[in-house]
Protein chains: 2
Amino acid sequence: MSDLLERLRGRGWRMTSQRRVVAQVLDGDHVHLTADEVHARAALLLPEISRATVYNTLGELVSLGEVIEVATDGRARRYDPNAHHPHHHLVCSTCGTVRDVHPTRDPLTDLPVEERFGFTVAAAEVTYRGLCPSCTRAPAQAPA
Amino acid sequence: MSDLLERLRGRGWRMTSQRRVVAQVLDGDHVHLTADEVHARAALLLPEISRATVYNTLGELVSLGEVIEVATDGRARRYDPNAHHPHHHLVCSTCGTVRDVHPTRDPLTDLPVEERFGFTVAAAEVTYRGLCPSCTRAPAQAPA
DNA sequence: TCTTGACTTGGATTGTGTCCATCGTAGGAT
DNA sequence: ATCCTACGATGGACACAATCCAAGTCAAGA
Ligand SMILES: [Mn+2]
Ligand SMILES: [Mn+2]
Ligand SMILES: [Zn+2]
Ligand SMILES: [Zn+2]
């Protein structure tokens with residue numbers, strides 16, 4: 001994923017230590033961190049990085065399409081660097097853990113025109129809800 | 001929907017004017033109000049009702065399964081009394097308008113066992129995103 | 001009518017995210 | 001190598017949704 005840094009440079013990004021560190025934290029797919037989690041991990045590498053910069057950088061990555069914002073009811077938004085492989089999410093109702101899943105069918109094809117009400121429909125996201133293995137056994141546990 | 005009041009009485013609810021008014025505001029399906037919108041409309045009927053009571057009552061209705069909470073990223077949660085007819089949502093990315101939609105297929109059937117990772121999957125919600133007719137014409141408009 | 005615990009209230013508090021004035025610096029120009 | 005400057009970083013104030021709490025109120029059974 002270090003080609004992310006290349007792509008960003010190509011887009012005219014000024015390469016700062018803060019941005020490098022945020023990109024590094026998001027490295028490795030299948031991660032779904034909140035902004036504060038990103039900030040905490042980034043601060044291990046660059047202690048004085050500010051919350052505002054993490055928010056700024058995440059927002060920029062989102063509008064560049066490099067990161068996906070995942071809204072999980074009530075809780076803080078999660079940021080998903082796995083933006084180049086379309087997928088959906090399976091969320092544990094108890095602890096909030098998020099997993100990537102790949103249904104066999106695109107729900108967009110199942111929304112008939114007469115159910116679109118004149119909207120220009122751009123995308124469909126599916127959120128599967130349930131209990132993760134450990135919360136199935138022992139309800140009300142700490143997040144993974 | 002006034003049988004809602006019956007059902008609640010049956011569940012041992014103390015019937016207060018505040019709860020009656022909140023139920024009345026949620027009457028009529030196909031409504032997706034925020035807690036503050038519910039509060040505003042309730043206050044027309046019962047001027048001194050407090051925000052805290054609206055939140056309490058909505059929360060109780062949600063855990064009784066009489067109302068569905070719809071999370072719309074960034075903005076305030078919306079409360080949906082159409083809880084007895086399964087459906088999904090079409091959200092305008094610009095103004096936040098929400099419409100009920102009924103896809104022809106349940107996405108749960110399209111998540112194979114090997115994509116469930118040991119979760120006990122209970123439900124699937126689809127959020128279709130796009131632009132409503134008026135935002136398609138004139139971007140950045142006031143909510144409906 | 002009396003009693004009591006469930007309910008309501010407003011204000012304080014928390015959690016998440018945005019805004020902004022100021023300072024610092026990456027990277028092109030020389 | 002040094003200089004310039006526009007872009008980026010900073011932290012503290014701010015905004016907003018939602019929750020918490022201690023004190024007062026009242027629905028409904030006895
Ligand atoms: Mn993901
Ligand atoms: Mn609905
Ligand atoms: Zn769990
Ligand atoms: Zn719209």
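In what follows, every chain begins at residue 1, and chains take the letters A, B, ... in the order their sequences are listed.
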What contact category does [X] fall into here, base, sugar-phosphate, or nothing, at under 4.0 angstrom with non-hydrogen atoms?
| X | value |
| --- | --- |
| B:Thr53 | base |
| A:Arg51 | base |
| A:Asp36 | nothing |
| B:Ala52 | base |

Using whole Å, what does the distance between atom [atom2] of nucleotide [N] and atom [atom1] of [X] come to?
| X | N | atom1 | atom2 | result |
| --- | --- | --- | --- | --- |
| B:Gln18 | D:dA27 | CD | P | 8 Å |
| A:Arg14 | D:dA6 | CZ | P | 10 Å |
| B:Glu60 | D:dT19 | CD | P | 12 Å |
| B:Leu58 | C:dC7 | CG | C1' | 15 Å |
| B:Ile49 | C:dC7 | CD1 | C1' | 12 Å |
| A:Glu69 | C:dG17 | CD | C1' | 10 Å |
| B:Asp73 | C:dG15 | CG | P | 20 Å |
| B:Leu46 | C:dT8 | CG | P | 10 Å |

DNA chain C: 5'-proximal contact among A:Asn56 and A:Thr34 (nearest heavy atom):
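The residue mapped nearer the 5' terminus is A:Thr34.
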Verify the contact: side-chain N or O of [X] to OP1 or OP2 of [N], cut-off strictly under 4.0 Å; return yes or no.
| X | N | value |
| --- | --- | --- |
| A:Arg75 | C:dT16 | no |
| A:Arg77 | C:dT16 | no |
| B:Arg20 | C:dC7 | no |

For the side chain of A:Tyr55, starting at C-beta, report the closest nucleotide among C:dT9, C:dT16, C:dG27.
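Minimum distance to the A:Tyr55 side chain belongs to C:dT16.
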Counting side-chain heavy atoms from C-beta on, which of D:dA18, D:dT10, C:dT9 comes nearest to B:Ser50?
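That would be C:dT9.
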Mapping B:Ser17 and B:Gly74 onto DNA chain D by nearest heavy atom, which one lands closer to the 5' end?
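The residue closer to the strand's 5' end, by nearest nucleotide, is B:Gly74.
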Comparing A:Trp13 and B:Thr16 on DNA chain D - which has the more 5′ nearest nucleotide:
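The residue mapped nearer the 5' terminus is A:Trp13.
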Sub-3.5 Å donor-acceptor pair from the side chain of A:His87 to the main-chain atoms of A:His85, do we have one?
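Looks like yes, one N/O pair under 3.5 Å.
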Side chain of B:Ser63, backbone of B:Glu60: donor and acceptor closer than 3.5 Å?
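Yes.
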Does the side chain of A:Asp80 come under 3.5 Å of the side chain of A:His30 through a donor N or O and an acceptor N or O?
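Looking only at side-chain atoms, A:His30 and A:Asp80 do not form any donor-acceptor pair under 3.5 Å.
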Taking the six-membered ring where the residue is Trp, are the ring centres of B:His32 and B:His89 under 6.0 Å apart?
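Ring-ring flag for B:His32/B:His89: true, centres closer than 6.0 Å.
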Over all heavy atoms of both residues, which pair between A:Thr109 and A:Asp106 is shortest? Give the atoms and the distance, please.
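A:Thr109 and A:Asp106 have their closest heavy atoms at OG1-O, 2.8 Å.
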